[in-house]
Amino acid sequence: MFAALALAALPLLSAVMAIDGCTRNATVQQGDTCDSISRKYGVSTYQLALVNDATIDENCDNLSPGQNVCLGVSGEDCTKVYTVVPNDTCAWVQEMYGISNQTFWSNNPQVDAACDNIYVGEVLCVDTESFSYPQYNETLYNALAYTYLPFCDE
Ligand SMILES: *[C@@H]1O[C@H](CO)[C@@H](O)[C@H](O)[C@H]1NC(C)=O
Ligand SMILES: *[C@@H]1O[C@H](CO)[C@@H](O)[C@H](O)[C@H]1NC(C)=O
Ligand SMILES: *[C@@H]1O[C@H](CO)[C@@H](O)[C@H](O)[C@H]1NC(C)=O
Ligand SMILES: *[C@@H]1O[C@H](CO)[C@@H](O)[C@H](O)[C@H]1NC(C)=O
């Protein structure tokens with residue numbers, strides 16, 4: 001998804017194309033942020049970004065009320081989520097939900113190896129099943145992280 005710079009050229013195209021296999025939709029309300037949508041509808045921050053990477057920009061500042069967003073696609077829809085609170089660590093979240101390192105990072109690939117970049121209000125996927133999200137480009141993400149941490153609204 002962090003090919004978002006390239007995808008930014010496609011908003012008109014994607015705006016008229018429904019997302020294939022979308023299992024749940026939501027309508028953007030006034031005042032919504034990507035994180036608030038994630039919390040309201042129970043979708044991880046990463047998944048919301050991934051599914052809508054062609055329409056929502058890296059800072060999530062182009063949402064408009066009435067806009068339709070897809071929350072998940074068939075086979076890749078994590079519905080078991082957790083919202084980060086102050087002092088959370090990945091280890092603690094993993095322990096609460098019984099999630100292995102492999103599954104945790106497979107489902108939340110935006111989280112760095114040291115778990116230094118989770119933030120309060122971020123929604124994590126806490127399913128014990130691994131979803132086959134597309135390959136995540138960590139190099140690109142790390143390069144952009146502090147300017148373009150996707151959907152770091154809070
Ligand atoms: C989600 O919205 C798209 C585009 O409006 C629509 O084609 C699709 O049927 C909707 N899917 C669900 C599950 O509501
Ligand atoms: C978080 O940790 C700090 C330092 O250990 C502590 O002072 C603070 O009260 C903790 N906050 C919460 C909400 O637990
Ligand atoms: C999971 O990762 C943490 C942090 O890197 C490490 O301390 C722990 O040993 C790992 N657990 C397993 C089962 O590999
Ligand atoms: C990941 O992103 C970097 C930086 O843009 C790029 O050089 C590299 O080819 C990408 N890797 C993959 C596997 O797409």
Side-chain angles (χ1 to χ4, degrees), residues 1 4 7-57 60 62-139 141-142 145 149 151-154:
M1 67 161 291
L7 289 168
L10 299 171
L12 291 177
L13 182 60
S14 52
V16 296
M17 279 188 336
I19 290 169
D20 263 4
C22 186
T23 47
R24 24 184 204 137
N25 284 318
T27 303
V28 175
Q29 310 291 316
Q30 188 71 46
D32 271 345
T33 63
C34 283
D35 284 329
S36 76
I37 292 171
S38 297
R39 289 193 294 271
K40 200 158 25 165
Y41 300 103
V43 56
S44 74
T45 296
Y46 178 71
Q47 183 174 294
L48 183 68
L50 181 69
V51 172
N52 299 285
D53 67 354
T55 48
I56 305 180
D57 67 19
C60 192
N62 64 342
L63 290 176
S64 48
Q67 177 184 348
N68 179 72
V69 291
C70 174
L71 304 177
V73 297
S74 184
E76 288 172 13
D77 188 7
C78 177
T79 55
K80 201 169 166 191
V81 296
Y82 172 78
T83 303
V84 175
V85 297
N87 293 352
D88 268 346
T89 62
C90 290
W92 168 240
V93 173
Q94 287 175 258
E95 191 184 323
M96 267 194 293
Y97 291 95
I99 311 169
S100 69
N101 282 345
Q102 191 185 358
T103 301
F104 182 84
W105 269 279
S106 156
N107 288 340
N108 301 283
Q110 81 284 7
V111 177
D112 66 21
C115 191
D116 284 339
N117 64 342
I118 59 171
Y119 59 90
V120 172
E122 179 176 18
V123 183
L124 301 174
C125 170
V126 291
D127 206 310
T128 50
E129 173 194 343
S130 271
F131 293 88
S132 53
Y133 290 130
Q135 188 68 40
Y136 181 77
N137 188 335
E138 196 175 349
T139 309
Y141 175 77
N142 287 341
L149 186 60
F151 300 359
C152 185
D153 291 321
E154 313 293 313

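This chain uses plain numbering: 1 for the first residue, then up along the sequence. Both ligands and their constituent atoms are indexed starting at 1 by order of listing.
The atoms of ligand 2 that sit less than 4.0 Å from any heavy atom of N87 are 1 (C), 2 (O), 3 (C), 8 (C), 10 (C), 11 (N), 12 (C), 14 (O). Against a heavy-atom cut-off of under 4.0 Å, T23 is close to the following atoms of ligand 1: 13 (C). Per-residue contacts place C22 under 4.0 angstrom from the following atoms of ligand 1 (heavy atoms of the residue considered): 13 (C).
There is no side-chain donor-acceptor pair under 3.5 Å between D127 and Y97. Looking at T23 and D77, their side chains do bring a donor and an acceptor atom within 3.5 Å of each other.
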Take Y82 and D88 through the test side chain to side chain donor-acceptor pair (under 3.5 Å) and record every step on the way to the result. CA-CA 11 Å; Y82 172 78; D88 268 346; 2.7 Å; yes

Begin from the C-alpha positions of S106 and T103 and carry the test side chain to side chain donor-acceptor pair (under 3.5 Å) through to its verdict. CA-CA 5 Å; S106 156; T103 301; over 6 Å; no

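A donor-acceptor pair under 3.5 Å links the side-chain atoms of N52 to the main chain of C70, judged by distance alone.
Protein heavy atoms are absent from the 4.0 Å sphere centred on atom 9 (O) of ligand 3. Per-atom contact check: atom 14 (O) of ligand 3 touches the protein, criterion being a heavy-atom distance below 4.0 Å. Remark: atom 2 (O) of ligand 2 lies closer than 4.0 Å to at least one protein heavy atom.
The protein atom (non-hydrogen) at minimum distance from atom 5 (O) of ligand 1 is N68 ND2, 4.2 Å. Ranking protein heavy atoms by distance to atom 6 (C) of ligand 1, first place goes to N25 ND2, 4.1 Å. With hydrogens left out, the protein atom closest to atom 7 (O) of ligand 1 is A18 CB, 3.9 Å, a heavy atom.
The side-chain heavy atoms of Q47 and V73, taken from C-beta on, include no pair separated by under 4.5 Å.
The distance criterion of under 3.5 Å between nitrogen or oxygen atoms is met by N101 with respect to ligand 3.
Between E129 and N107 the shortest heavy-atom distance is O-ND2, 2.8 Å.
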